[in-house]
Amino acid sequence: METRQQGFLDSEPLREADEEFVSEVNLTNSMMTEEEREEIQQELAKLEEEINTLRQVLSSKEKQHAELKQKLGVGPLSELRTNFSRGWQDMQSSTAYKKTSETLSTAGQRTSAAFSTLGSAITRKFGDMRNSPSFKSFEEKVENTVTTIKTKVGGTGPGGSFEDVLSSAANASSQDTPTGNLPDGSERAS
């Protein structure tokens, strides 16, 4: 007899060796007495009857369950809400959720502190930059340029054209001293 090392779910067709094995099993079953065989069949029939009875009882209980829920006004939506709420509470009370929540809270606090420190540093740097001599000089030049433009545009004398204003603004911004000297022939409005 040939022996194979494969599982029960072989997809191969039966071979001669398999047929011999089946006939050996049938021989073992035929060694039972007729009385033992009848007893087993009666027990099997009784179990099948009990299974059917239990299915009927279960079906009856399920109907009764549904009727009671309907009387209480518990529908599928409210049941789903309750289950969801219960699941959410269970999750929040879990150790993993608590650890994750604490970790995220700590990370948020640290991130907030880092941004606060960064903001303070940037503010300090802008303050330092604004107080620097280069920025003061630039600020004075811009003020002089604005003053010159206002004078040219608002003035009544000659040189009030747009080109004249632009050239005088360029001249004013190239000056090193904040005196605000204007080209000859221009007037200041008071």
Side-chain angles (χ1 to χ4, degrees), residues 1-136 138-139 142 146:
M1 186 161 112
E2 181 181 314
T3 59
R4 294 186 318 168
Q5 302 248 334
Q6 292 187 348
F8 289 113
L9 301 176
D10 292 343
S11 59
E12 297 180 25
L14 289 176
R15 296 185 181 162
E16 236 180 85
D18 296 328
E19 291 171 7
E20 288 175 19
F21 179 71
V22 170
S23 63
E24 285 177 22
V25 170
N26 286 339
L27 288 176
T28 339
N29 286 343
S30 64
M31 286 187 214
M32 254 193 270
T33 63
E34 191 61 38
E35 194 176 293
E36 288 173 337
R37 177 178 233 119
E38 227 175 270
E39 240 180 79
I40 291 174
Q41 284 180 343
Q42 285 175 358
E43 191 176 336
L44 183 62
K46 191 188 289 184
L47 279 174
E48 287 174 354
E49 188 177 319
E50 286 178 13
I51 289 171
N52 285 333
T53 303
L54 288 172
R55 282 186 182 145
Q56 291 171 356
V57 169
L58 179 62
S59 175
S60 170
K61 294 290 183 185
E62 285 176 338
K63 285 179 187 175
Q64 185 181 4
H65 180 255
E67 289 171 0
L68 290 175
K69 278 179 144 182
Q70 188 177 16
K71 285 181 183 177
L72 287 174
V74 177
L77 262 177
S78 63
E79 194 172 345
L80 180 65
R81 256 187 256 128
T82 303
N83 288 341
F84 182 74
S85 179
R86 190 175 304 130
W88 180 248
Q89 288 172 351
D90 290 347
M91 185 186 72
Q92 284 181 326
S93 64
S94 74
T95 306
Y97 179 84
K98 288 178 182 176
K99 285 182 180 179
T100 303
S101 178
E102 289 171 6
T103 301
L104 290 176
S105 176
T106 303
Q109 290 170 354
R110 288 180 181 168
T111 304
S112 177
F115 279 129
S116 177
T117 303
L118 179 67
S120 297
I122 290 172
T123 302
R124 195 173 341 108
K125 287 292 181 185
F126 277 135
D128 293 348
M129 185 177 78
R130 186 157 189 208
N131 293 330
S132 73
S134 302
F135 189 83
K136 293 276 186 195
F138 176 74
E139 189 175 33
V142 169
V146 169

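Computed from a predicted model, the values in this text were never measured in an experiment.
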Inset, instruction - Drop me the distance from S94's OG to M91's CE, to the nearest 0.5 angstrom. - result: 7.0 Å
Inset, instruction - Working to the nearest 0.5 Å, report the span between CD of E39 and OG1 of T33. - result: 8.0 Å
Inset, instruction - Grab the two heavy atoms, one from I40 and one from M32, that are nearest each other, plus how far apart they are. - result: CD1-SD, 3.7 Å
Legend entry - Matching residue for R55 among I51, L58, V57 - test: side chain to side chain contact (heavy atoms under 4.5 Å, CB included): I51
Legend entry - Under 3.5 Å: donor-acceptor pair, side chain of S132, backbone of M129: yes
Inset, instruction - Check whether any side-chain N or O of S93 sits under 3.5 Å from a backbone N or O of Q89 as a donor-acceptor pair, and report yes or no. - result: yes
Legend entry - Stepwise side chain to side chain contact (heavy atoms under 4.5 Å, CB included) check, E49 with K46: CA-CA 5 Å; E49 188 177 319; K46 191 188 289 184; 5.6 Å; no
Inset, instruction - Hey, could you give me the CG/OG1 distance between L118 and T123, rounded to the nearest 0.5 Å? - result: 9.0 Å
Inset, instruction - Look up atom OG in S85 and atom CG in L80, then write down how far apart they are to the nearest 0.5 Å. - result: 11.0 Å
Inset, instruction - Anything under 30° is parallel, anything over 60° is perpendicular, the rest tilted; go ahead and classify W88 against F84. - result: parallel
Legend entry - Check: S120 side chain, S116 main-chain N or O, donor-acceptor pair, under 3.5 Å: yes
Inset, instruction - Look at atom CZ of F135 and say whether more than 12 heavy atoms of other residues, nucleotides or ligands are closer to it than 6.0 Å. - result: yes
Legend entry - G73 to S78 - nearest heavy-atom pair and separation: O-OG, 4.2 Å
Inset, instruction - Quick one: closest heavy-atom pair of R130 and E139, and the distance? - result: NH2-OE2, 3.6 Å
Legend entry - Reported OG-to-CZ distance for the pair S105 and R110, which is rounded to 0.5 angstrom: 10.5 Å
